[in-house]
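Quick caveat, the model's predicted, so the values are computed rather than measured. All heavy atoms count here, side chains included; hydrogens, waters and symmetry mates do not. Below, read A as the first sequence line, B as the second, and so on, with proteins coming before strands; counting in each chain starts at 1.
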Number of protein chains: 2
Amino acid sequence: MDRAILAALQRDATQTASALSGRIGLSQPATWRRIKRLRDARVLSGRRVVLDREALGFGVTVFLGVKLATKGRVSLDDFERAVTAIPEVQLVEHVLGLYDYRLRVVARDLSDFERVLRRRVMTLPGVGDVEANVLLSEERRPGPL
Amino acid sequence: MDRAILAALQRDATQTASALSGRIGLSQPATWRRIKRLRDARVLSGRRVVLDREALGFGVTVFLGVKLATKGRVSLDDFERAVTAIPEVQLVEHVLGLYDYRLRVVARDLSDFERVLRRRVMTLPGVGDVEANVLLSEERRPGPL
DNA sequence: TATGAAATTGACTGTCA
DNA sequence: TGACAGTCAATTTCATA
């Protein structure tokens, strides 16, 4: 039953407990208590607003794969501190594999992105190779529940 | 002022219009009107629940960079149709650059991931090279507003 | 400011080991 | 019986005109 609630909320996070209750065949308070229990258990760890980047004038999203040149603990800390100070960086992912970090960067257009890349990213401490992919489109899936 | 509202909502999407109004120094209805206007303008394009994958038993997140072997329009359509049918794929990003697609895949553990990779991903139509990075940690940033 | 809808709480009931 | 999960009714808080 909890799975049904999570799946429904993933599909539409705006629906109310009473709307959900009808759908899954429970009373409204029972449904609400389950949602609260999931929240308290940190299974539902938050709600997030989705902003339309295009409507805000940020038409370009680029993924950067970054390889560090030097990889001591201090290097990682320095890099993370510096990269999180770049406003255009939406997401910093520390990964294991061909790259050390993966960044999601938004910019107004490609020339704006070039500025970010040259002035901000290439000057980060310890940066080695940088590889870029420009986002064309993306689709979110419900994921396995 | 709208920027302040968006920033506050990005930090915490659960706060109410009245809570926000105090923070930004407007009346509650005025704040609510601004939020509604932002929704109507599709700047606020939705709300999403955040699930804790670990709490649900999915401890492994892997990013896959996929290069297609053949790239006609039919190949792209076939690939997208097939990849969106894999439940473990949370995110499909069509990109320009070294890779053609980037996938975010979750699995219970590494051996579960190996199953997904061998049975599901490597058998996708038109797949060429596949490169993987395992997520260690990630941090979301507010982004440029 | 006023109204209706939703969230939240409390009191009570039925089931199961 | 004790723990739990449910329903219904009452209250508070929020969204909305």
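- Closest to the B:W32 side chain, of the nucleotides D:dA17, D:dC8, C:dA7, is D:dA17.
- Annotation for A:R37: atom CZ counts as buried by contact number, over 12 foreign heavy atoms lying within 6.0 Å.
- Salt bridge absent: A:R81 and A:D77 never bring a charged side-chain N and a carboxylate O closer than 4.0 Å.
- Closest to the side chain of A:T16, from the set C:dA7, D:dA17, D:dA15, is C:dA7.
- In this entry the distance linking NZ of A:K36 with C1' of C:dG10 reads 15 Å, nearest Å.
- Rounded to a whole Å, the CG atom of B:L44 is 14 Å from the P atom of D:dA15.
- Atom CG of A:D2 is separated from atom P of D:dG6 by 9 Å (rounded to the nearest Å).
- Regarding A:R33, its CZ atom lies at a distance of 13 Å from the P atom of D:dC4, rounded to whole Å.
- In this structure, the CD1 atom of A:I35 is 15 Å from the C1' atom of D:dG6, given to the nearest Å.
- Across all their heavy atoms, A:R53 and A:V106 have their closest contact at CD-CG1, 3.4 Å.
- The CD1-P distance, from A:I24 to D:dT7, rounds to 10 Å in whole Å.
- Note: CZ (A:R47) to P (C:dA6) measures 14 Å, nearest angstrom.
- Residue B:R39 qualifies as enclosed at atom CZ: its count of foreign heavy atoms under 6.0 Å is above 12.
- In this structure, CD1 of A:I5 is placed 12 Å from P of D:dA5, rounded to the nearest angstrom.
- Considering only side-chain atoms of A:R34, the nucleotide from D:dA15, D:dA9, D:dA5 that sits closest is D:dA5.
- Between C:dT9, C:dA7, D:dG6, one nucleotide has an atom nearer to the side chain of A:Q28 than all others, and that is C:dA7.
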